[in-house]
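Only heavy atoms go into these numbers, but all of them, side chains included; no hydrogens, no water, no symmetry mates.
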Amino acid sequence: MAPLVSVVIPNHDYARYVGQALDSVLAQTYRPFEVIVVDNGSTDGSLEVLGAYADRCRIVAQPDLGQSRARNRGIAEARGDLIAFLDADDAWRPRKLELQVERFERDAAVALVYCSLEVADADLRPSGAVVRASVRGDALGEFVRWPGRAIVVGGESTAVVRRAALDVVGVFEPSLSISGGWDLWRRIATHYRIDLVEDPLVLYRQHGSGLHRRLAAYEADVRSASARMFADPAAARIRGSRRAYEAGLDLMFAKSWLRHRDLGRAVRLAMRAAATRALAAR
């Protein structure tokens with residue numbers, strides 16, 4: 001029997017986008033699936049848009065508790081053995097679930113399957129720019145190879161996970177918002193194998209309201225998720241990479257702050273990165 005896939009969509013004030021996200025789920029070639037939309041205190045007419053889909057999905061309304069808590073509420077409501085996540089401003093291509101479920105059925109040891117994505121503009125027009133999924137198997141080491149890299153490219157919208165794995169590693173960390181997915185995928189990779197579909201099955205919408213554009217919040221979130229990784233007893237095998245990782249993280253944010261014309265902060269981080277790299281090389 002084909003496994004039920006629960007699709008969890010958090011939404012906050014994305015009335016202009018969430019209908020396209022839902023249409024892309026309803027157009028999936030795979031069956032069976034259920035759709036759970038968790039609305040995080042929207043005030044922009046999202047509930048009116050969602051009302052048109054009330055016969056095809058479950059709508060859970062709650063105060064604005066953040067993206068991670070919204071996804072966790074969706075997980076709590078889910079009935080499927082597999083759980084897929086879709087941001088309300090992104091969309092899927094029709095065979096996404098079909099191709100990912102095939103990977104789970106091929107290897108019972110796999111707990112997460114993700115895919116490549118194609119960047120789209122604010123109107124969801126594909127740009128032709130594809131970010132390729134490339135890491136599979138035992139992937140924990142990849143999380144320290146390039147600081148800040150989301151192994152599941154494009155964050156949450158590319159991922160499908162086994163519910164049983166979440167019972168072991170936990171759900172999204174509520175204190176994290178931008179890096180909540182990165183942190184959860186890292187915990188899954190600590191214990192399980194991951195797999196991928198090379199096709200770009202997600203349209204990743206870029207628009208001015210993206211959380212990643214708020215650099216200070218993004219930096220604090222990434223650093224918190226990184227500290228959690230090195231403090232995790234189950235991830236002890238990567239601790240020797242900590243200094244090199246932290247140097248890379250400082251250099252990454254030095255470049256980001258330079259682009260934001262904060263020269264003082266960029267120079268301080270670059271100098272710290274150089275000093276940490278020197279220590280790591282000893």
Self-check item: Residue pair S6 / E34, side-chain donor-acceptor N/O under 3.5 Å
Solution: yes
Exercise. Measure the spacing between CG of D39 and CG of L47 and express it to the nearest 0.5 Å.
Key: 4.5 Å
Quiz item: Taking atom types as modelled and ignoring hydrogens, do the side chains of N11 and S42 form a donor-acceptor contact shorter than 3.5 angstrom?
Solution: yes
Quiz prompt | Side chains of D250 and M271 in contact at under 4.5 Å (non-hydrogen atoms) | solution = no
Quiz item: Checking D90 side chain against Y204 main chain: does a donor-acceptor pair fall under 3.5 Å?
Solution: no
Quiz item: Between Y245 and S226, does any side-chain donor sit less than 3.5 Å from a side-chain acceptor?
Solution: yes
Exercise. Decide yes or no for L86 and V8: does some side-chain heavy atom of the first lie under 4.5 Å from some side-chain heavy atom of the second?
Key: no
Self-check item: side chain to side chain contact (heavy atoms under 4.5 Å, CB included) partner of R163, the single match among I75, L82, L4
Solution: I75
Quiz prompt | Salt-bridge criterion met for D232 and R187 (N-O under 4.0 Å) | solution = no
Quiz item: So, T276 versus E246: side-chain donor-acceptor pair below 3.5 Å or not?
Solution: no
Self-check item: Close side-chain approach of R69 and P10, heavy atoms under 4.5 Å
Solution: no
Quiz item: Of the options L184, T158, V161, which is the one that meets L112 in a side chain to side chain contact (heavy atoms under 4.5 Å, CB included)?
Solution: V161
Exercise. May I ask you to establish whether R71 and F172 are in a cation-pi arrangement, using a distance under 6.0 Å from NZ or CZ to the six-membered ring centre and at most 45° from the ring axis?
Key: yes
Quiz item: Rounded to the nearest 0.5 Å, how far does CD of Q100 lie from CG of D195?
Solution: 10.0 Å
Quiz prompt | Separation of L203 CG from S24 OG (nearest 0.5 Å) | solution = 8.0 Å
Practice problem: Say whether N40 and Q67, considering side chains only, have a donor N or O and an acceptor N or O under 3.5 Å apart. | Solution: no
Quiz item: With a cut-off of under 6.0 Å to the ring centre and 45° to the axis, is R205 in cation-pi contact with Y17?
Solution: yes
